[in-house]
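Per chain, numbering begins at 1; letters A, B, ... match sequence-line order.
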Amino acid sequence: MIITERGAGCQRRPARDGMADEKLPTRKEDFSEWYNQLVLRAQLADYAPVRGCMIVRPYGWALWENIQGALDRRFKATGHQNVAFPLLIPKSFIEKEKHHVEGFSPELAVVTIGGGEELAEPLILRPTSETIIGHMWSKWIQSYRDLPVLMNQWNSVVRWELRTKLFLRTLEFYWQEGHTAHATREEAAEETRQMLEVYTDFAVNEAAIPVIPGAKSEAEKFAGADITYSIEAMMGDGKALQAGTSHFLGQNFAQAFDVKYLDQNGALQHCWTTSWGLSTRFIGAIIMVHGDDQGLVLPPRLAPIQAVIVPIYKNDEEKSSVLKAAKELKAQLAKAEIRVHLDEREGFSPGWKFNDWEMRGVPVRVELGPKDVAKQAAMLARRDRPGKEGKVSASLADLPTAIGKLLEEIHQSLHDRALAFRRANTQAAASYDEFKQAVENGFAFAPWCGSGECEAKIKEETRATMRCIPLDQAAVLGREIASGGACVYCGKAAKDRAVFGRAY
RNA sequence: CGGGGCGUAGCGCAGCCUGGUAGCGCGCCUGCCUUGGGCGCAGGAGGCCCCCGGUUCAAAUCCGGGCGCCCCGACCA
């Protein structure tokens, strides 16, 4: 996708909307306020007139579209097809699965009037679509020959949250929900793990975000699931964010909605189902993992604009020669499949534009002035190293290759930096004292007996929740940690280590 | 729902205690000048002071009642 300048009929100078004069609060000073202001000033999103709702602005949506593209490719490659189920679901559906209704009742939005008339049965705005999909599957699935069913939908869902924050938790949010039905437990379990791997691969290779894939505790799992897996990431303030989930639903929904098939022996069987989702919350993860005190830092493979050209000139003569060179450069970069934007805005100083594009997280900036044009070169600045330090001169002819390489380098360095940060702020805690210390500003990786009582006590006393039992225990800290040991809370034997942390 | 903060120009705020012409910075518009890290000068536009009621000759300001938003907790992708 190429971002082009707006059409000729629309050359009005854009407002300095969002780019206030002052700097952002630093992350150290006030991480939460840093985040809020960054989202607004980078023009990713804005507050809607309804409390807890969000408007995703063009730049934020372009980022989401790139996330969608990267995921959708992976879903298709693993055999899934996209579908669209309705927003409105009969309220009775949600009540059919016991745990599901317990989990979701408190946060349902209910429609009771339609066309001015009280409805015979209230409708809910979908908080997720397991129920209505289960209902339809019971009609569509009859034989083992109909299986597996591999579906995904891109939509928005509504959950009436008490406390909201842009991207991280809003009443309505955008996501994808995948739903699959299988003949056997093994096949469904395999699908659940496969999609967790897809999310992990996406996070690492597209967003440059290192994640810990693992299993959730009973208390933290999805309402209605037998097993919930998630990918957990560490934000810049040391807190955890669940960045994607994959659920093994067993036969819970198949039984509640009568999703059955005849197997090869003529026996009637319930299906085994899965669901998995990743939401616009992931944008919050990108902001909080990579962002710095200058603003947003976007991972190159997802950035709506990968390289921005800022032309520099003093007079009309310089302007025409610089712009001519800039346009040629832009065409060259576009040809090399770099998403490039030429900032031709009048009345803004180059210095102002530098700050503006840094706020908006563009990975690479190309500065092109008369001196550069004279020697057929340009200054290259990389966003992950802000200020004058990260600048180098490069010849125009080399730029398409050089920028391509630089983008890859930035991706790698963002990932490595985030991984090093996470490891530096994760402590393998053996005692409860060490544990408490660790979750003050990061993760504790600690032996846990698996009981809900210990988990609840820990949460009550430290505000830290169980994030997951990592599937790959050695990857958490990048070295083998002895398994087993005594539960960090009760001292009983622990089978695995679990990651604990304060979470968003 | 508990605790805290705040509603005055597009944004950020002052004014309120002690009632009397509604102000400042940024942004916006016009022109000139500038442009290699957030240029400058001059002129200009822009207000249901959150809403409703009360006190008063007079309310942004005092009193009563609402509503909304943000932050911190309990619940959650």
**Student:** To the nearest angstrom, how far is A:Asp372 atom CG from B:G36 atom C1'?
**Tutor:** 8 Å
**Student:** For A:Asp293, is there an ion pair with A:Arg27 - N to carboxylate O distance below 4.0 angstrom?
**Tutor:** yes
**Student:** Within this structure, what is the CG-to-C1' distance between A:Asn355 and B:G37, rounded to whole angstrom?
**Tutor:** 6 Å
**Student:** Just call it for A:Lys353: base, sugar-phosphate, or nothing, with non-hydrogen atoms closer than 4.0 Å on any strand.
**Tutor:** nothing
**Student:** Is the charged tip of A:Arg360 near the ring of A:Tyr59: under 6.0 Å from the six-membered ring centre and within 45° of its axis?
**Tutor:** yes
**Student:** A:Ser275 near the nucleic acid: base, sugar-phosphate alone, or nothing, with a heavy-atom cut-off under 4.0 Å?
**Tutor:** nothing
**Student:** Would you kindly compare A:Glu161 and A:Gly369 by the position of their nearest RNA chain B nucleotide and give the one closer to the 5′ end?
**Tutor:** A:Gly369
**Student:** Can you tell me how the ring of A:Phe202 sits relative to the ring of A:Phe282, calling it parallel under 30°, perpendicular over 60° and tilted otherwise?
**Tutor:** tilted
**Student:** Tell me the partner of B:C6, counting only Watson-Crick (N1-N3 plus N6-O4 or O6-N4) or G-U wobble (N1-O2 and O6-N3) with both under 3.5 Å; none if nothing fits.
**Tutor:** B:G68
**Student:** Taking atom types as they are modelled, is there a donor-acceptor pair under 3.5 Å from the base of B:C76 to the side chain of A:Arg169?
**Tutor:** yes
**Student:** Assign A:Glu367 to base, sugar-phosphate, or nothing according to its heavy-atom contacts below 4.0 angstrom with the strands shown.
**Tutor:** base
**Student:** Output the rounded distance in Å from CG (A:Leu40) to P (B:G10).
**Tutor:** 17 Å
**Student:** For A:Trp175 and B:C76, give me the distance from atom CH2 to atom C1', rounded to whole Å.
**Tutor:** 12 Å
**Student:** Base, sugar-phosphate, or nothing for A:Glu358, non-hydrogen atoms under 4.0 angstrom?
**Tutor:** base
**Student:** Whole angstrom is fine here: how far is it from CZ in A:Arg502 over to C1' in B:G73?
**Tutor:** 12 Å
**Student:** Provide the Watson-Crick or G-U wobble partner of B:C24, both distances under 3.5 Å; none if there is no partner.
**Tutor:** B:G12
**Student:** If B:C62 has a Watson-Crick or G-U wobble mate with both distances under 3.5 Å, name it; if not, just say none.
**Tutor:** B:G54
**Student:** In this structure, how many angstroms lie between the C1' atom of B:C11 and the CD atom of A:Gln43, rounded?
**Tutor:** 13 Å
**Student:** With distance as the sole criterion, do the side chain of A:Lys391 and the base of B:G36 form a donor-acceptor contact below 3.5 Å?
**Tutor:** no
**Student:** Could you check which of B:C72, B:G36, B:C70 has an atom nearest any side-chain atom of A:Ser32?
**Tutor:** B:C72
**Student:** Does the cation-pi check pass for A:Arg169 over A:Trp160, that is, NZ or CZ under 6.0 Å from the six-membered ring centre and within 45° of its axis?
**Tutor:** no
**Student:** State the pairing partner of B:C1; accept Watson-Crick or G-U wobble contacts with both distances under 3.5 Å, and report none otherwise.
**Tutor:** B:G73
**Student:** Does any nucleotide pair with B:U34 by Watson-Crick or G-U wobble geometry, both distances under 3.5 Å, and what is it?
**Tutor:** none
**Student:** Is any side-chain nitrogen or oxygen of A:Lys165 closer than 4.0 Å to OP1 or OP2 of B:C71?
**Tutor:** yes
**Student:** Scan A:Leu241 against the nucleic acid and name what it touches under 4.0 Å (heavy atoms): base, sugar-phosphate only, or nothing.
**Tutor:** nothing
**Student:** For the residue pair A:Leu298 and A:Leu414, what are the closest heavy atoms and their distance?
**Tutor:** O-CD1, 4.1 Å
**Student:** Base, sugar-phosphate, or nothing for A:Lys216, non-hydrogen atoms under 4.0 angstrom?
**Tutor:** nothing
**Student:** Base, sugar-phosphate, or nothing for A:Tyr47, non-hydrogen atoms under 4.0 angstrom?
**Tutor:** sugar-phosphate
**Student:** When you measure from the centre of the six-membered ring of A:Phe85, is the NZ or CZ of A:Arg126 under 6.0 Å away and within 45° of the axis?
**Tutor:** no
**Student:** Between A:Ala378 and A:Lys459, which is nearer to the 5' end of RNA chain B once each is assigned its nearest nucleotide?
**Tutor:** A:Ala378
**Student:** Take the protein atom CG of A:Asp30 and the nucleotide atom C1' of B:C71, then report the distance between them rounded to whole Å.
**Tutor:** 9 Å
**Student:** Is A:Asn36 close enough to B:C70 that one of its side-chain N or O atoms is under 4.0 Å from OP1 or OP2 there?
**Tutor:** no
**Student:** Quick one: is B:C71 close enough that its OP1 or OP2 comes under 4.0 Å of any side-chain N or O from A:Arg163?
**Tutor:** no
